[in-house]
Amino acid sequence: MKQKRKNLVILGSTGSIGQNTLEVVRRQSARFRVVGLAAGRNIWLLTSQVEEFQPEVVAVESESLALELRKKVGKQVKIVYGESGYQTVASWKKADLVVSAMTGIAGLKPTLAALNSGKDLALANKETMVVAGALIRKMASQTGSRIIPVDSEHSGVFQCLRGNNKKQVKKIYLTASGGPFFRVPLEELPKKTLAEALKHPRWKMGRKVTIDSATMMNKGLELIEARWLFNLRPEQLEVLIHPQSIVHALVEFVDGSILAQLSQTDMKIPIQYALSFPERWESPLPYLSLAEIGSLEFYPVEEKRYPLFNLARRVLEAGRSFPVVLNAANEVAVEAFLEEEINFGEIFQVVEYCLEAHRPRYLKTLEEILETDRITRELARQFLRKRGKER
Ligand SMILES: NC(=O)c1ccc[n+]([C@@H]2O[C@H](COP(=O)([O-])OP(=O)(O)OC[C@H]3O[C@@H](n4cnc5c(N)ncnc54)[C@H](OP(=O)(O)O)[C@@H]3O)[C@@H](O)[C@H]2O)c1
């Protein structure tokens, strides 16, 4: 019997995850129909995606970009824009599965809109889970939406947990490549340039997540994401440096057995799994040859090398409103580093300053989360302005 095609919406279609998702769709075209796309400002790429995949609805950041897109793609597609536009696409009636792959907190409201309308979610946008994990879990359980992780480490944990009793999990280990500065002398770290920080040794990703990988904030955010995705306690979450990036995650059970998930270092593998779940499909990628790889190394995280990871680890334990502050301060600091306004070492200073100034509280609503995010961004920008004047 012919299987029904899965209708997809892709939020962040012009980004690294978005483009990889469309590549998976291209290879599995009989199984999917793209009904909605959302991007920020890259109209050039979005135009070619609209022409190729012919979605029903498309969202962009502003009215002027929507007009620009309209001139390029004609009238066959509905074009919406801004916050309400993103929410329209995320909750599009025909969608079965929404891929959440915008960067940063921009993805929060559309992700909530998708869950609120009962869509299954393939989640790449970790910042969303970091700032609103409790809210997202609650909403998914109310509407019955399934959340399938896209991040390779979380996909690894998700796969290792299938068929096992979660109560018997002792610990989970997420792996980290160590980034471009794994072996750099510590005293050289603060002055590392943007170009050096953007050279990730294993993964090709968007600019923000690449910088987060160089500081290892990315792994800190992933620990907080894992806490909510798998409902684990902070002491059950660990990170191991694994420079080969072949083992993505390990789950240790109470009897001392460890299950690990291994695959090629290619995001199309966890993306395809998130799209095919609960099935597995053949992959066109080369299969892993462990004999060729020879050895797999694991190291503990060196605290002095990754001070932002340590901050994130402390935030994971402290909970309450701290994750929102951590994320907002980091987004502002990374943006400033990407604009070459601050040096690599100053990313830490911005985040530490905002965390120290913060008085924690419990955040129950989306409004409270967004208000804490807004106040922190303002504080981080003030700190940067003051720093700029002192130079
Ligand atoms: N890349 C990876 O391998 C990887 C792996 C695991 C998890 N993730 C997570 O997945 C998410 C996306 O990462 P990425 O590497 O794909 O990022 P990316 O390449 O920078 O792409 C980000 C996407 O989000 C859109 N976007 C950015 N800011 C926006 C805003 N304010 N409003 C609306 N759209 C906006 C961009 O649109 P325009 O470009 O059109 O402006 C683009 O489509 C992040 O949360 C990241 O941590 C990524």
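Keep in mind the model is a prediction, meaning the values are calculated, not measured. When a ligand or atom number is given, it counts from 1 through the structure's own listing order. Values reported hereafter were calculated over all heavy atoms of this structure, with side chains retained and with hydrogens, waters and symmetry mates removed.
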Could you tell me whether Trp281 and Phe32 have their ring centroids closer than 6.0 angstrom?
yes
At a 4.0 angstrom heavy-atom cut-off, ligand 1 is contacted by Gly12, Ser13, Thr14, Gly15, Ser16, Ile17, Ala39, Gly40, Arg41, Asn42, Glu61, Tyr86, Ala101, Met102, Thr103, Ala106, Ala124, Asn125, Lys126, Glu127, Asp151, Met205, Gly206, Val209, Met267
What about the rings of Phe181 and Phe344, do their centers lie closer together than 6.0 Å?
yes
With a 4.0 Å cut-off on N to O distance, would you call Arg377 and Glu335 a salt bridge?
no
Arg387 with Glu341: basic N within carboxylate O range, under 4.0 Å:
no
Using the salt bridge (charged side-chain N to carboxylate O under 4.0 Å, His left out) criterion, which residues pair with Arg146? Sequence neighbours excluded.
Asp120
Salt bridge Glu317-Arg313, side-chain N to carboxylate O under 4.0 Å:
yes
